[in-house]
J.: 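Dropping the structure in here first, questions after.
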Amino acid sequence: MRIPFIAGNWKMYKTSAEAAAFAVAFKELYHDTDVKAAICAPFTQLETLVKAFEGTGIGVGAQNVHFEKEGAYTGEISAGMLQEIGVDYCIVGHSERRQYFGETDETVNCKLKTLLPTGIIPILCVGEVLEEREAGREQEVVRSQVMKAFEGIEGTDAEKVVIAYEPVWAIGTGRTASPQQANDMCGFIRTVLEDLYDDVISDRVVIQYGGSVKPENATEIMNMEEIDGALVGGASLDALKFSEIINF
Ligand code: 13P
């Protein structure tokens with residue numbers, strides 16, 4: 001049984017004071033629910049959120065990690081550093097990191113391998129750009145991203161990874177993939193996992209949709225058969241909107 005999981009990705013928004021204020025407001029709004037929730041915040045806000053959400057069941061995630069355990073990598077943060085402060089999740093391979101910061105399928109694979117032994121759950125982002133969808137290549141692109149990300153990873157580890165299907169053309173554009181398009185790709189990703197592993201493992205992996213999810217479209221998206229959750233950008237910055245999405 002896959003538990004629905006909705007995570008916010010704050011990207012490079014919110015100061016520590018703003019994060020603390022969000023946590024106070026969101027805790028009030030997040031009641032007993034069958035949906036798991038988490039906020040993926042900038043590094044400097046993680047400790048504030050871990051403390052603020054202690055005992056609430058609300059998870060905290062980072063948005064990136066370096067794949068080495070330690071070393072001369074100025075400006076980078078290791079999985080052990082995230083683990084030490086109690087981080088639960090880490091986004092890997094977000095399209096903004098692929099586009100602006102040189103993230104590749106190979107570094108994504110290394111990052112999954114560095115996170116999994118720490119118990120931090122990777123949220124692996126995959127998704128095609130507009131030209132690829134217009135050329136009818138979206139499945140080929142996503143299949144390749146998934147296969148490369150999981151290279152050399154055992155099934156018992158693979159089943160812990162959350163996958164977020166984020167079509168790049170639907171991020172921050174207000175242009176949502178239709179629930180059917182999102183559902184079809186999430187279902188397709190599950191068949192790729194079945195080919196890579198088996199149907200038991202593919203059945204356990206939580207697959208989210210991300211791209212312009214908001215309170216107005218959350219119910220329709222979350223009710224789709226193959227979609228287990230959402231990765232929410234803009235609408236997760238507002239405690240009320242994010243709670244409305246969670247209570248879809
Ligand atoms: P928006 O919800 O702002 O479109 O962002 C989606 C996203 O990139 C989540 O990781």
Side-chain angles (χ1 to χ4, degrees), residues 4-14 18-19 22 26 35-43 45-46 49 58-65 87-101 103 107-108 111-112 115 120-130 132-133 138 141-142 145-146 149 161-179 181-183 185-186 189 206-222 224 227-248:
F5 174 42
I6 298 181
N9 173 11
W10 279 357
K11 309 193 179 185
M12 198 174 71
Y13 290 100
K14 288 201 193 290
E18 289 165 348
F22 176 98
F26 186 61
V35 178
K36 277 204 277 184
I39 293 289
C40 300
F43 288 126
Q45 273 58 274
L46 294 175
L49 291 181
I58 304 164
V60 175
Q63 300 170 7
N64 186 33
V65 67
V87 165
D88 309 290
Y89 301 95
C90 183
I91 296 175
V92 175
H94 192 279
S95 61
E96 287 151 15
R97 296 216 61 87
R98 292 180 193 255
Q99 188 179 349
Y100 306 126
F101 302 103
E103 189 85 271
T107 56
V108 164
K111 289 176 182 192
L112 293 191
L115 285 167
I120 296 174
I121 297 173
I123 302 177
L124 163 69
C125 298
V126 295
E128 79 285 359
V129 300
L130 188 58
E132 291 164 340
R133 176 157 287 263
E138 67 274 13
V141 168
V142 170
Q145 289 173 338
V146 171
V161 176
V162 173
I163 300 180
Y165 168 55
E166 299 207 317
V168 180
W169 47 272
I171 295 177
T173 56
R175 181 177 167 181
T176 327
S178 73
Q181 283 173 322
N183 190 67
M185 187 60 91
C186 291
I189 291 170
V206 171
I207 305 181
Q208 303 174 318
Y209 165 75
S212 300
V213 176
K214 35 189 185 281
E216 299 78 40
N217 58 23
T219 311
E220 206 185 353
I221 290 166
M222 289 300 298
M224 300 303 286
I227 302 177
D228 305 319
L231 187 55
V232 185
S236 73
L237 295 168
D238 182 289
L240 182 60
K241 280 190 189 161
F242 191 52
S243 71
E244 284 171 1
I245 294 173
I246 284 169
N247 299 320
F248 61 89

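Read the numbers this way: they start at 1 and go in the same order the structure lists the ligands and their atoms. Being a predicted model, the structure only gives us computed values, none of them experimental.
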J.: For Gly211 and ligand 1, answer yes if some heavy atom of the residue is under 4.0 Å from a ligand atom, otherwise no.
T.: yes
J.: Identify the protein heavy atom lying closest to atom 2 (O) of ligand 1, giving its residue, its atom name and the separation to 0.1 Å.
T.: Gly233 N, 2.9 Å
J.: As an exercise, identify every atom of ligand 1 less than 4.0 angstrom from a heavy atom of Leu231.
T.: 9 (C), 10 (O)
J.: May I ask you to check whether Tyr89 and Phe5 place their ring centres under 6.0 Å from each other?
T.: yes
J.: I need the minimum non-hydrogen distance between Ala41 and Leu46, along with the two atoms involved.
T.: O-CD2, 3.7 Å
J.: What heavy-atom pair brings Ile39 and Ser236 nearest, and what distance separates the two atoms?
T.: CD1-O, 4.4 Å
J.: Check whether any heavy atom of Lys214 sits under 4.0 Å from an atom of ligand 1.
T.: no
J.: Judging by distance only, is a nitrogen or oxygen of Gly172 under 3.5 angstrom from one on ligand 1?
T.: yes
J.: Distance alone, cut at 3.5 Å: any donor-acceptor contact between the side chains of Glu103 and His94?
T.: no
J.: List the atom of Ile245, the atom of Ala218, and the distance in Å for their closest heavy-atom pair.
T.: CG2-CB, 3.9 Å
J.: Judging by distance only, is a nitrogen or oxygen of Gly210 under 3.5 angstrom from one on ligand 1?
T.: no
J.: Is the shortest N/O to N/O distance between Thr173 and ligand 1 below 3.5 Å?
T.: no
J.: Could you list which atoms of ligand 1 come closer than 4.0 Å to a heavy atom of Ser212?
T.: 1 (P), 2 (O), 4 (O)
J.: How far does NZ of Lys14 sit from CG of Leu49, to the nearest 0.5 angstrom?
T.: 10.0 Å
J.: Which residue holds the protein heavy atom closest to atom 3 (O) of ligand 1, what is that atom called, and what is the gap in Å?
T.: Gly234 N, 2.9 Å
J.: Please determine whether the number of non-hydrogen atoms from other residues, nucleotides or ligands lying under 6.0 Å from atom CD of Glu244 exceeds 12.
T.: yes
J.: Applying a 4.0 Å heavy-atom criterion (strictly less than), which segment of Ile171 is in contact with ligand 1: side chain, backbone, both, or neither?
T.: both
J.: Backbone or side chain, does any N or O of Glu96 fall under 3.5 Å from an N or O of ligand 1?
T.: no
J.: First locate atom CG of Leu124, then atom SG of Cys90, and finally report the distance between them rounded to the nearest 0.5 Å.
T.: 11.0 Å
J.: Answer with side chain, backbone, both or neither: which part of Ala170 has a heavy atom less than 4.0 angstrom from an atom of ligand 1?
T.: backbone
J.: Can you tell me which residue and heavy atom of the protein come closest to atom 7 (C) of ligand 1, and the distance to 0.1 Å?
T.: Glu166 OE2, 3.3 Å
J.: Could you please spell out the steps behind the side chain to side chain contact (heavy atoms under 4.5 Å, CB included) verdict for Glu96 and Ile171?
T.: CA-CA 10 Å; Glu96 287 151 15; Ile171 295 177; 3.7 Å; yes
